[in-house]
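Values below: all heavy atoms of this structure, side chains included; hydrogens, waters and symmetry mates excluded.
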Number of protein chains: 2
Amino acid sequence: MQQQSSTQSAEPRTEAARRILEASKILFAERGYDGVSIRDIAEKARVSKANVFHHFGNKANLYEANLHDTAEKLITKLEVLRDTRHSVRDRIARFALLDLQEQLGDPHCVYLFLRQLITPQRTAQRRTAEQVVSDSLKNLLHLLEQLKADGELPTETDPLALTLAIIGANFMFFQLQGILAELGQDGNPVEPEAFIRSLMHLITPAVDNGHDAQRHLTR
Amino acid sequence: MQQQSSTQSAEPRTEAARRILEASKILFAERGYDGVSIRDIAEKARVSKANVFHHFGNKANLYEANLHDTAEKLITKLEVLRDTRHSVRDRIARFALLDLQEQLGDPHCVYLFLRQLITPQRTAQRRTAEQVVSDSLKNLLHLLEQLKADGELPTETDPLALTLAIIGANFMFFQLQGILAELGQDGNPVEPEAFIRSLMHLITPAVDNGHDAQRHLTR
DNA sequence: ACTCCGACTGATCGACCGGTCAGGATGTGG
DNA sequence: CCACATCCTGACCGGTCGATCAGTCGGAGT
């Protein structure tokens, strides 16, 4: 038996192993852990059922390997936000756009993580999922606090509420695409860039008239 | 055989049927459709396994009955928003607070609906779930457009983005309670009322200087 | 007393589940 | 040539799944 370790996932050893990982990722994201059988995965990956066990030991291990992969991917995303070449405002906008684009570009990762977050059992896997979300949240919160310290936010604005609003708006835009498309016939922003622009207006509406930092939310 | 109809769910006929419905609601919300067996439900409801089939026909029917129940519950919630006795601003604040409180008060309904929304299969059940969310969204969107027409929102504010921000922020507050509690030691708003107040500040920050009809949520 | 009906249960079914095992195919080092 | 390791498969196992069925029980109607 040559199964992968459970604590750390390495690269897939063969093409078949890679196909198994990819197929299981999609299926787990769509139907959840219990909704997918090893048969389904093997069939989608065009391998024998026993081969799945050969590479990943058991079902839980395969699921964990998927979570580990997506977690790594999402963590590396956060590194982009740390460069100080751009203004705080720009970094917030870039983070929001990057976050939204990545959700739209790889929905399976989102659903894989979301399914883990809504599980009441506090397993180690759920902890890691929470950790990723928590890091992302803290990062954005820190940027917003910085923005407020710079005087670019009204004093009565609560950075935490604003953080949750941005992250939540992104998720809702991602999740409700189908619904939005139906009622967006009158020219509402359905493109991510336009949506992020609208979202940034909510934070500091003085973005059109050329960076006027002291012009706050009037009226 | 005396199973309920599939298209419309009536009240549970016996105490046992009521217990089955309640037990299955919790289990389905926590573990999802495939994660729960009839055995689990029967055991939690303290009835025989065959009795579950007697009352609900099959597993899918039982699940559908749960969805129908929660959908009805959420739809009736929206009725509150239609009374014109309060100002538009108040109705938005009341809607947001009511929405958040209901999520916090009955998490199982939220998870039951969420699990349905993240299913890629476009079943009739998913349609109804989408319909409920869509109605709720349209309602809030309409109120915000009204608010903007009244001149209480900046002209560059996009009502749709604001709608998604409010709904999304509520959901994030609900979902990330555990994470928020950890980093909320420095006096951040962890109570729903305070959070909604902060959220309303984001919409119309001119709430402090004493408008006439906004006294309800400002302590 | 007799019938009928809905509530309810234990036993049981075939299907499918996750997982195992013996062994074939292929390559690699001695 | 042999020995060995890895990749991979078909056949198989015990257990659990959703669902069925025969039948018991108790109350209402006649």
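Taking atom CD on A/E43 and atom P on D/dT9, their separation rounds to 13 Å, with Å as the unit. Atoms CZ (B/F56) and C1' (C/dA7) sit 13 Å apart, rounded to a whole Å. In this structure, CG of B/D40 is placed 13 Å from C1' of D/dG18, rounded to the nearest angstrom. At whole-Å resolution of the value, OH in B/Y33 and P in D/dC17 are 13 Å apart. When the P atom of D/dT9 is taken as reference, atom CZ of A/R19 falls 9 Å away, rounded to whole Å. Between A/F53 atom CZ and C/dT20 atom P the separation is 7 Å, expressed in whole Å. The interatomic distance linking A/L62 (CG) with C/dG18 (P) rounds to 11 Å, in whole Å. Atom pair A/D34:CG and C/dG18:C1' shows a separation of 12 Å (rounding to whole Å applied).
The existence of a salt bridge linking B/K49 and B/D40 is excluded, since no basic side-chain nitrogen approaches an acidic carboxylate oxygen closer than 4.0 Å.
Taking the salt bridge (charged side-chain N to carboxylate O under 4.0 Å, His left out) definition, one finds that A/E130 meets it with A/R122, A/R126, sequence neighbours left out.
Contact annotation for A/V36: backbone-only contact, meaning every heavy-atom pair under 4.0 Å involves sugar-phosphate atoms and none involves a base.
Side-chain N/O atoms of B/T14 include one lying less than 4.0 angstrom from OP1 or OP2 on C/dC8. Not one side-chain nitrogen or oxygen of A/H54 sits closer than 4.0 Å to the OP1 or OP2 atom of C/dC21. The side chain of B/S48 places no N or O atom within less than 4.0 Å of a non-bridging phosphate oxygen (OP1 or OP2) of C/dC8.
Contact annotation: side chain of A/K59 to base of C/dG19, donor-acceptor pair absent below 3.5 Å.
Closest to the A/N58 side chain, of the nucleotides C/dG19, D/dC7, D/dG18, is C/dG19. Nearest nucleotide to the side chain of B/A16, out of C/dC8, D/dC8, C/dC17: C/dC8.
Proximity of a side-chain donor or acceptor of B/E22 to a complementary backbone N or O of B/A45 within less than 3.5 Å is not detected.
When each of A/V47 and B/I38 is assigned the nucleotide of DNA chain D bearing its nearest heavy atom, the one mapping closer to the 5' terminus is A/V47. Position along DNA chain C of the nearest nucleotide to B/E15 versus B/K49 favours B/E15 as the more 5'-ward residue. Residue-to-nucleotide proximity on DNA chain C shows that, of A/R39 and A/A50, the 5′-proximal contact is made by A/R39.
Using modelled atom types, one finds no donor on one side chain facing an acceptor on the other under 3.5 Å when comparing B/Q116 with B/Y33.
Using the six-membered ring where Trp is involved, A/F174 and A/Y111 have ring planes that are tilted, between 30° and 60° apart.
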